[in-house]
Amino acid sequence: MSHDETKSSESDSIDQVSAALFSDGPTPSDITLETAANEISNNFLLADGILSSFFPQGIPVDKSFYNIIWQTTVKLGSGKNASEVSGLLWAQAVNTLPDGGGLDLLKALPDKNSQAFFETLDALPTLLKYTDLSADFLATWIVTVRNYLGEDIATGSYFRGLQILAQTFPDKSGEIISILEVDLVDDRTFTILACILGSLRGAEICSSVADLDVRLRCHQDVNCRIVYYRSWLHTGMQRAIADVEFTDLLERPSLCTKPEREEILKVLLALISLESISDESFRIGLRYLHDRISIDGGDFARHSLIHLARELHQRWKNVGLSVGSLPLVDLVPKVLPIPLEHKGTLVELEKSLIFFLNEDRSRFERLLSEIAQKDIKMLIAQFRNQQSFYNLKAAMMGRNNQDLIVEYLLSDSHPIRHLGFVLFQSLGLNYLVCERINRATDDRIAILIFGFQLEPFYDEVIPRFLTAMAPRIENASPDLKSLFFDELIYQCKNLPGICLESLRKNTSKSELIKRAVKEVAEYFKALKPCFRSEINSMEIPGIERSIRMKVAHQSKSMEKQVRSQSIFTQLCSTSYCLYGNTKWQTYIGGSLNEVTEMKTLSSSSEFPRMIGIDPDGMAVRGHNAEKRIRMLLINEKGGVRNDS
Amino acid sequence: MTLESIKTFVSGYLQSLTEETRDDRRGPRYGFEQIILQLAQEADWIPLRLSFHRGGPDASSKPKKEHEYGVDQKFITRDGKLMIVFVLKDEPLTYRNWESHKFNSDMSFACNQNMSEQGLERVEEVKIILGYNKGEEARGLEAFEKFVGSQRDYIGKAKLTIERWNLDKLTDLVLEKLLKSPAILPERFFRKFSYICGQVNDFSHGSPQWEEVLIPDWIEFIDLVLAGPVSVQSLRLISISLLVLHSHGKQEPSFATGWIELLEYAVIAVWKVTRKTTDKKVLSVVMEIWLHLYVHSLEAYYQRNSPLLQTEHSLAFGVRGDFAEATSVFYCYWHMARLGILATSFYELAVTLPEEKCKDLNIGFNTVVNWLVGLINANPAIRRPLLDIHHIQLFLVWQVMRCAGRATEVFTVYQDIFERLLHRRVGGGGVRVIDQSNSWQNLFDYMVTGEEPSEGFGKSSYLLQMLIEIATGGIGPNGPVLAQQIYRHLIEGVDSNGEPYGFAEEVELQSWIPPKEWADKVLQGPVHRTGIALSVKSYYQPNETDRSDFKARVESFVSETRATHPFTEPERIPGSVLFLASILHNSPIPPEFWRKQIFDSPRSSQEPLAKKQQRPTTAKKQPTKAKRKIKKK
């Protein structure tokens, strides 16, 4: 391409940009925009031309300017190059406005009445590259803009701007750090400084960065030290961190405060996942995490660690296993418990469990047991909830889990037994026939039955478990048989629909079940004449009103729950129909819709009888079960057999 | 009720009536001429002459002033062929009365009917009936027969026949024809009573209508009948009202308990009138109503239903799921109260009779105790008191078992109650607290909303104070340990290691000094707002940690309060009646009822110890002799 052709094409690009901006011309291509941006950056008079077309009366020093910048970006296609063109126009306006008008124009950016703020931010890196503003002004302005940005996730352009600033004006950036470090109070400012410092270090063009490092690293203000640690995150994004730098960073903690240790932990969790980290640094990082990580790491550390446990497992196998490094997965139990509202972390945990289930079965089982010991509440909630751990349950169902579950069920530890029951329930196991359970002593089986009494089971799992246990009990001592028989009776009385009916189908499988079913049948036969008989037919004063109140209460809370959990109900309006209860029609937006049939939705479940008959007795039963388990375990450890 | 007992009450009622209804200075007198009129109307006879002017809906009828010439009432059948003439006497038919009370002359007048009167043209037979409601003797009957023999066979063209309706005949006729009719009562009560009969026929026991309309109307009616000077007649009116009411009961199972409740309001009202009189006849009728109507009905009810009550979980079967834990308690404590009262009444009667005469009573007592034990064993709700007023039932269980020589068996019940309450309070069981306001409504509201209905909800307990006192000395050697546990765990709120349970609320023990003349007051209505509330803040000083002398502390507290506030035991009324009144009026029973059976008599400044011990008691301290009698069973 000849020089003339290039020139011609550059002129064309400016023309196309002008056409798009002022004559409803087509959106210029990326190449055209890139060319135009180059041309403007070489000759800002071109920008003046466009600006004077926009503002024939002169550039306004208020939000209306930013509205034009926003529209410019939109008209040019909202891409990276469009933002660059807008940024060049913005920079020229700032540079050419007389009498400090440029600074006033910048101050007008964070305006609560302006809709253009977030869109204009995309042009910030270009602005900062092409304006030579004083460090004093910038120190104030970038903090103001950051605060205006708040917790919005669109911070990418902002920090890219700071990075550009550091690369373009390293000395001035150092000055900004010096200005802001004097009064460091909030975390946002820490990040601003960390970004500038990290970028200076990463660009390796600023001779004073070593001085800054020394000063901030040893600063008496802990916040300045936090800025120092955090800055390595930004450095790591730009270049590989040397082993010596990595080691140096991690050697600090023994001297530093808790916030610093937390900061280093966060930085480490981010750095260790970078491929640019050397194997040696990776191993150092693992060792550090094993030495230091704890529940104090906070939510970020917990979430990251559970995520990294699987993401970095392969790298650990490649470079850590052979030299005796411990894997990150071993640290997962250390960061528990996970609050149930931290859904994202729970999803990470599920993914990690699935990963290890597929990758390393024994490690998976160990991890599950350790989690159960540390956070059984969370684990149970996830397994019991149909919506959560769905993929994990599906993955587990495809495998033979009987041995694992039996092992858990026969555990000394209550949380592990609990986990065993929950897995038995959620994985739909029907049998417990294995060598391990046949080998177990009667006392151990008794512990299992008492453990079962402690489970909040109210559904089909009850008869399923009892039926699964029956073969083992048939060979047991009379005392154990009696205990099991009592349990059968209790559960059949408690849930005649789910339990009794189900066991009735299994009478051929066990003599005990057969006897229990017969006895409970007698119980219900005896109860039949009591129904609405002379002994319990009187109405109870006030009960009808309370039932109505309860229904209203339940209805309200159910509606509230449905509304909070259903996107559908949040999007749609709700009508409370007064009359007519079978068909429904709407008149909306001037038209009458079709008549539709109303649908009745209902679900039913069996209410456990004992909750009503003897709630306190249930509590006592649970308490006694706990006592018996404790006693049996003590006896077992002391070698004393307890046959009662 | 058996036919025999119904007959006895009808007979008693008829016997209590006078010859004619009138008001005199002693109050209203009701005559059995009304009964004759009702029987005549039942037979579709047309009145020719009545001995009274009708009184209207709320007033008594008045006797006619004219000379009756022996004829009190005269009727004719609708076909005009039979004329019936009644000669009524509220005197026994004796030889002496035949002349002195004008049996003879009045009958002679009656036999001389003027058959030429208009309207009697078609009469073919004249029947003269001598009606009397006070018994007879042989010579009186002889005089009557002699009189009959002396009469001619015809009056004019009409055949003359002569009959007598004695008390038995009248009773049979009333049983056959009138027992279901509110008209059996004197005219002035007819309208109110008919309305009540209608309500009993319509309303279900325990329904809002029952509670808010029927019961107030029934109480008002009873008060109306018993207004004025106490008489046998007014008491008999109550009993006959009950019988009529029973025949109107709604045809559904709930009426069985409804009937008992109606009886209870009636018996409490009749016992109330005994406080105003020493008339032995009145007291005897009251006792008869108590025993033969109420106690007998209770016994019959439980005879019928005890197999159901002893069926496991029978009182929680078929009740509303959401409130089952409370409704089963409601039913359990209802039955516990009645069984307790039934057993107590047997026992009270037995101790007043010589040993040889109370064999059946002892059998009855032991049977009821077994029913009670069966109920306790079959229904866990017994171990879940929800209202503080349930202390009455828990007291009755203890007292009855103590009378049966089985007090130590109560230990397990009380211990269960304690353990379960502990679980309830830590949030592991059902409703967390015992409602001190004794209101089912408050409790249900709490169950619905989870919000305490009042600031003091569940924060005070007379029931636990009672359990502590009874456990201290009344349920065997393990009782004091249980009492200490109740205090330590439920009141002080710490476990065996002294670690706090962290209960949602602290419970303060409360005792109660009943008002003077408590018995009279509790028969009238609620007394829970009277007397002195005694807050048992603590048995120990804050710096005392040793609880090993807890029994002594309780005894000291009891001794001091008994000495400071001596309780005058009510006389001439069984304890069971007072317990029933307390239950009906939702009022606590005085601590003295259990204290006197457990603790030594207090040293009172007002009365020497010896005198106190000699004082006759109502619910007697368990005499060794009586206890032995029960155990003999």
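So that the names make sense, note that chain A is the first sequence line, chain B the second, and so on, each numbered from 1. Atom set for the values below is all heavy atoms of this structure, side chains included, hydrogens, waters and symmetry mates excluded.
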*Can you check whether W210(B) reaches E539(A) side chain to side chain, under 4.5 Å on heavy atoms?*
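W210(B) does not reach E539(A) side chain to side chain.
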*Give, for atom CD of E534(A) and atom OG of S254(B), the distance between the pair rounded to the nearest 0.5 Å.*
9.5 Å
_Gap between atom CG of N305(B) and atom CD1 of I535(A) - 0.5 Å precision_ = 6.5 Å
_Which atoms of T449(B) are under 4.5 Å from chain A, going by heavy atoms: the side chain, the backbone, both sets, or neither?_
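Contact with chain A is through both the backbone and side chain of T449(B).
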_Engaged part of H335(B) at the chain A interface, taking heavy atoms whose separation is under 4.5 Å_ =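 Contact with chain A: side chain only.
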*Top residue by heavy-atom pair count (under 4.5 Å) with chain A, among Y302(B), W440(B), F255(B), W334(B)?*
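Option with the top pair count is W334(B).
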*Based on non-hydrogen pairs under 4.5 Å, which of E312(B), E211(B), E252(B), E212(B) is most in contact with chain A?*
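Most pairs with chain A among the choices: E312(B).
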*Examine whether an atom of M618(A) lies under 4.5 Å from a heavy atom of chain B, and if so say whether it belongs to the side chain, the backbone or both; otherwise answer neither.*
neither
*asked:* Is K528(A) in contact with chain B via its backbone, its side chain, both, or neither, using a 4.5 Å heavy-atom distance?
replied: backbone
*Is there a donor-acceptor contact under 3.5 Å linking the side chains of S546(A) and Q441(B)?*
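A pair is found: one side chain offers a donor N or O, the other an acceptor, under 3.5 Å apart.
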*Check step by step if side-chain contact (heavy atoms from CB on, under 4.5 Å) holds for L308(B) and F531(A).*
CA-CA 10 Å; L308(B) 298 186; F531(A) 184 63; over 6 Å; no
*Residues in residues 415-423 of chain B near chain A [non-hydrogen atoms, under 4.5 Å]*: E419(B), R420(B), H423(B)
